[in-house]
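When reading the values below, keep in mind they use all heavy atoms of this one structure, side chains included, and skip hydrogens, waters and symmetry mates.
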Amino acid sequence: MATVAPTSRTNLSPPDVTTPPKKLDAGALFVLKSRGSWLHCGYHLTTAIVAPALLSLPFALALLGWVGGVAVLALAGIITFYSYNLLSLVLEHHAELGHRQLRFRDMAHDILGPGWGRYYVGPLQLASCYGAVIACTLLGGQSLKFIYLLAMPDGRMQLSHFIVIFGGFTLILAQIPSFHSLRHINLVSLILCFAYCACTTAGAIYIGNSRTAPPKNYSLTGDGINRIFGFFNAISIICTTYGNGIIPEIQATIAEPVKGKMLKGLVVCYTVVISNYFSVGISGYWAFGNQVDTSVLQNFMIGSNPLLPKWFLLMTNGFTVLQVAACALVYLQPSNVVLERRFADPKKGQLSARNFVPRLITRSLSVIIATTFAAMLPFFGDIMALFGAFGCIPLDFILPMVFYNLTFKPSKKGFVFWVNTVIGVGSTGLSLIGAVASVRQIILDARTYRLFANM
């Protein structure tokens with residue numbers, strides 16, 4: 001996956017050295033501290049991208065088949081690496097001009113205009129990231145419930161109880177003041193990614209080779225319109241697992257000079273991404289064929305009977321719970337920036353009583369609201385698919401192409417311009433079709449929806 005160098009800078013204006021640097025608001029000053037290295041950046045990127053949602057990749061491959069599934073998985077990886085590198089180049093260019101952009105909305109404000117940043121990109125990113133926090137809280141609760149039922153099959157605790165427990169854990173960790181302060185947690189998260197993916201891969205291979213292995217059938221299920229929607233649903237799942245949406249905020253944590261550091265961080269991240277995504281996706285689909293569930297871990301049980309040793313399943317789900325908590329913390333950062341900007345005083349110290357008390361209250365309320373939605377809407381996965389179509393794909397597949405073409409103005413006869421245009425236009429169509437497919441799935445599942453359901 002090659003990097004793309006700016007095609008021309010001859011028409012770009014030099015920095016206005018007479019313009020004083022813009023004063024940072026409390027959100028950028030306190031939450032997006034620029035003190036990290038490229039290695040820390042790699043930790044943040046990995047936690048933001050490699051989340052337990054990747055356990056749905058075997059299901060996506062089952063909807064596409066071997067050739068289509070592996071091809072889409074590889075192509076999505078190439079495009080997202082390319083896309084994130086384009087965003088990095090745009091951010092580096094503006095930093096060289098003396099106008100470092102720390103947030104996605106800042107990029108949209110400077111490149112597309114103030115209205116785009118305030119009314120489209122900013123709200124879109126905030127909604128997508130906060131939706132990811134709700135989804136992480138729900139997934140954490142489900143994993144805790146799985147551990148509980150494995151240890152106590154006749155237990156009476158419900159899903160909402162475990163969501164509240166996980167939310168309380170997240171609430172405590174959410175008080176960590178800045179994005180940069182998460183670097184050690186995100187290093188542990190990176191290790192946990194390898195751990196639960198290795199466990200999942202080993203478990204799938206063990207079951208697939210066992211005497212009690214389920215029959216393997218790799219034919220595509222469904223027909224007609226159902227199969228077509230299944231294709232697009234699978235593509236949306238794969239694109240969402242590669243999604244990030246906070247590349248500018250992650251690059252903002254890097255200490256100056258920033259040139260070249262984001263690319264190194266991306267290499268670290270995608271080393272983890274490729275090794276884990278392909279191992280889990282291929283081994284899960286190989287072991288269970290078209291009978292694989294939306295999360296491959298569900299196939300490790302037949303009813304209440306585990307196909308693997310209980311200690312192994314407990315360990316795997318324990319790794320998942322801890323890693324998804326780190327993922328939730330990362331996706332809380334955009335809302336933390338907004339809250340600090342509104343309620344903190346940049347003239348006071350970050351840990352002063354004036355700023356500590358509002359931070360404690362607002363971040364606690366933010367986590368409590370997310371936990372309430374997760375408990376109230378245990379079918380949030382269907383809704384999140386709609387968020388992915390409207391949020392993940394525009395932020396990660398469309399806007400980077402637009403930002404690069406408008407910033408560096410590559411020749412319309414050149415390869416880079418047309419690659420970016422094709423990706424942008426194709427992703428726009430995929431976003432619209434994915435939205436239709438998501439709404440269709442919500443309608444089909446609506447009969448089973450019930451608030452605070454014990455799913």
Task: Contacts of type salt bridge (Lys or Arg N to Asp or Glu O under 4.0 Å), residue Glu340, not counting sequence neighbours - done: Arg359, Arg363

Open item on the list: Determine whether the aromatic ring centres of residues Tyr285 and Tyr218 are separated by less than 6.0 angstrom.
Closed with: yes

Task: Nearest heavy atoms of Val296 and Pro58, plus distance in Å - done: CB-CG, 4.0 Å

TODO: Would you check if the side chain of Asn290 reaches a backbone N or O of Ser219 as a donor-acceptor pair within less than 3.5 Å?
DONE: yes

- [ ] State whether the side chain of Ser83 and the backbone N or O of Ile79 hold a donor-acceptor pair below 3.5 Å, judged by distance alone.
- [x] no

Open item on the list: Taking OH in Tyr206 as the centre, count heavy atoms belonging to other residues, nucleotides or ligands within less than 6.0 Å. Is the count above 12?
Closed with: no

Task: Asp396 side chain near Tyr84 side chain, heavy-atom distance below 4.5 Å - done: yes

Task: Full working for side chain to side chain contact (heavy atoms under 4.5 Å, CB included) between Arg100 and Glu256 - done: CA-CA 10 Å; Arg100 189 174 181 186; Glu256 294 183 343; 3.3 Å; yes

Task: Test item: Phe231 and Leu220 side chains (from C-beta on) under 4.5 Å apart, heavy atoms - done: yes

Open item on the list: Looking at Thr320 and Thr316, would you say the former's side chain and the latter's main chain have a donor-acceptor pair under 3.5 Å?
Closed with: yes

Open item on the list: Using modelled atom types and a 3.5 Å cut-off, is there a donor and acceptor pairing between side-chain atoms of Ser366 and backbone atoms of Thr362?
Closed with: no

TODO: Report yes if the side chains of Gln323 and Pro52 come closer than 4.5 Å at any heavy-atom pair, otherwise no.
DONE: yes

- [ ] Quick one: closest heavy-atom pair of Ala95 and Val258, and the distance?
- [x] CB-CG2, 4.1 Å

Open item on the list: Can you confirm whether Leu192 sits close enough to Val188 that some side-chain heavy atom of one is under 4.5 Å from a side-chain heavy atom of the other?
Closed with: yes

- [ ] Output the distance between atom CG (Leu171) and atom OG (Ser364), rounded to the nearest 0.5 Å.
- [x] 4.0 Å

Task: Side-chain donor-acceptor contact under 3.5 Å, Tyr82 with Asn420 - done: yes

All N/O donor-acceptor pairs, side-chain side in residues 324-337, below 3.5 Å, sequence neighbours left out:
{"from": "Tyr331", "atom 1": "OH", "to": "Ala48", "atom 2": "O", "distance (Å)": "2.6"}
{"from": "Tyr331", "atom 1": "OH", "to": "Asn244", "atom 2": "O", "distance (Å)": "3.2"}
{"from": "Gln333", "atom 1": "NE2", "to": "Leu329", "atom 2": "O", "distance (Å)": "2.8"}
{"from": "Ser335", "atom 1": "OG", "to": "Leu332", "atom 2": "O", "distance (Å)": "2.8"}

TODO: Assess whether atom CZ of Phe169 is packed by more than 12 heavy atoms of other residues, nucleotides or ligands within 6.0 Å.
DONE: no

Open item on the list: So does Gly260 get a backbone contact from the side chain of Lys264, meaning a donor-acceptor N/O pair under 3.5 Å?
Closed with: no

Task: Parallel, tilted or perpendicular: ring planes of Tyr242 versus Tyr277, cut at 30 and 60 degrees - done: tilted

Task: Smallest separation among heavy atoms of Gly36 and His180, with atom names - done: CA-CE1, 3.5 Å

Open item on the list: Let me confirm one number: the OG-CG distance from Ser189 to Leu322, rounded to the nearest 0.5 Å.
Closed with: 9.5 Å

Task: Residue pair Tyr130 / Ile369, side-chain heavy-atom distance below 4.5 Å - done: yes

- [ ] Determine, step by step, whether Thr407 and His94 satisfy the side chain to side chain contact (heavy atoms under 4.5 Å, CB included) criterion, reporting the C-alpha distance in whole Å, the side-chain angles of both residues, the deciding distance to 0.1 Å, and the verdict.
- [x] CA-CA 9 Å; Thr407 299; His94 284 276; 4.1 Å; yes

- [ ] Measure the spacing between OG1 of Thr421 and CE of Met401 and express it to the nearest 0.5 Å.
- [x] 10.0 Å

Task: Straight-line distance of Leu55 CG to Asn299 CG, nearest 0.5 Å - done: 11.0 Å

Open item on the list: Rounded at 0.5 Å granularity, tell me how far OG1 in Thr47 sits from CG in Leu190.
Closed with: 6.5 Å

Open item on the list: Does Arg35 have more than 12 heavy atoms from other residues, nucleotides or ligands lying within 6.0 Å of its CZ?
Closed with: no

- [ ] Measure from the side-chain N and O atoms of Tyr43 to the backbone N and O of His184, and report whether any donor-acceptor pair falls under 3.5 Å.
- [x] no

Open item on the list: Is it the case that the side chain of Ser279 and the backbone of Asn276 share a donor-acceptor pair, with hydrogens and angles ignored and the cut-off at 3.5 Å?
Closed with: yes

- [ ] Answer with yes or no whether the side chains of Gln251 and Ser88 bring together a donor and an acceptor at under 3.5 Å.
- [x] yes

Open item on the list: I'd like to know whether Ile163 forms a side chain to side chain contact (heavy atoms under 4.5 Å, CB included) with Phe166, so could you lay out the CA-CA distance, the side-chain angles of the two residues, the decisive distance to 0.1 Å, and finally the verdict.
Closed with: CA-CA 5 Å; Ile163 290 174; Phe166 184 85; 5.8 Å; no

- [ ] Pick out which of Leu45, Thr80, Thr46 makes a side-chain contact (heavy atoms from CB on, under 4.5 Å) with Tyr270.
- [x] Thr80

TODO: Could you tell me whether a side-chain N or O of Thr253 sits under 3.5 Å from a main-chain N or O of Ile250, the two making a donor and an acceptor?
DONE: yes

Open item on the list: What I'd like to find out is whether the side chain of Tyr120 reaches to under 4.5 Å of the side chain of Pro394, using heavy atoms alone.
Closed with: yes

Task: CD1/Ile225: more than 12 non-hydrogen atoms of other groups inside 6.0 Å - done: yes

TODO: Determine, step by step, whether Leu144 and His161 satisfy the side chain to side chain contact (heavy atoms under 4.5 Å, CB included) criterion, reporting the C-alpha distance in whole Å, the side-chain angles of both residues, the deciding distance to 0.1 Å, and the verdict.
DONE: CA-CA 10 Å; Leu144 286 175; His161 300 153; over 6 Å; no

Open item on the list: Heavy-atom count check: over 12 atoms from other residues, nucleotides or ligands less than 6.0 Å from Trp66 CH2?
Closed with: yes

Task: Side-chain heavy-atom pair Phe397, Leu430 within 4.5 angstrom cut-off - done: no

Task: Expected output: side-chain Asn317 to main-chain Leu313 donor-acceptor under 3.5 Å - done: yes

Open item on the list: Working to the nearest 0.5 angstrom, can you tell me the gap between His44 NE2 and Leu39 CG?
Closed with: 10.0 Å

Task: Over all atoms of both residues, closest heavy-atom pair of Gly208 and Lys216 - done: O-NZ, 3.0 Å

Open item on the list: Has Glu249 got a side-chain atom pairing as donor or acceptor with Leu32's backbone, closer than 3.5 angstrom?
Closed with: no

Open item on the list: Do Met107 and Leu399 have side chains that approach each other closer than 4.5 Å (heavy atoms only, starting at C-beta)?
Closed with: no

Open item on the list: If I compare all heavy atoms of Cys199 with all of Met315, which pair ends up nearest, and what's the gap?
Closed with: SG-CE, 3.7 Å

- [ ] For Phe30 and Gln350, work out which heavy atoms get closest and say how close.
- [x] O-NE2, 3.1 Å

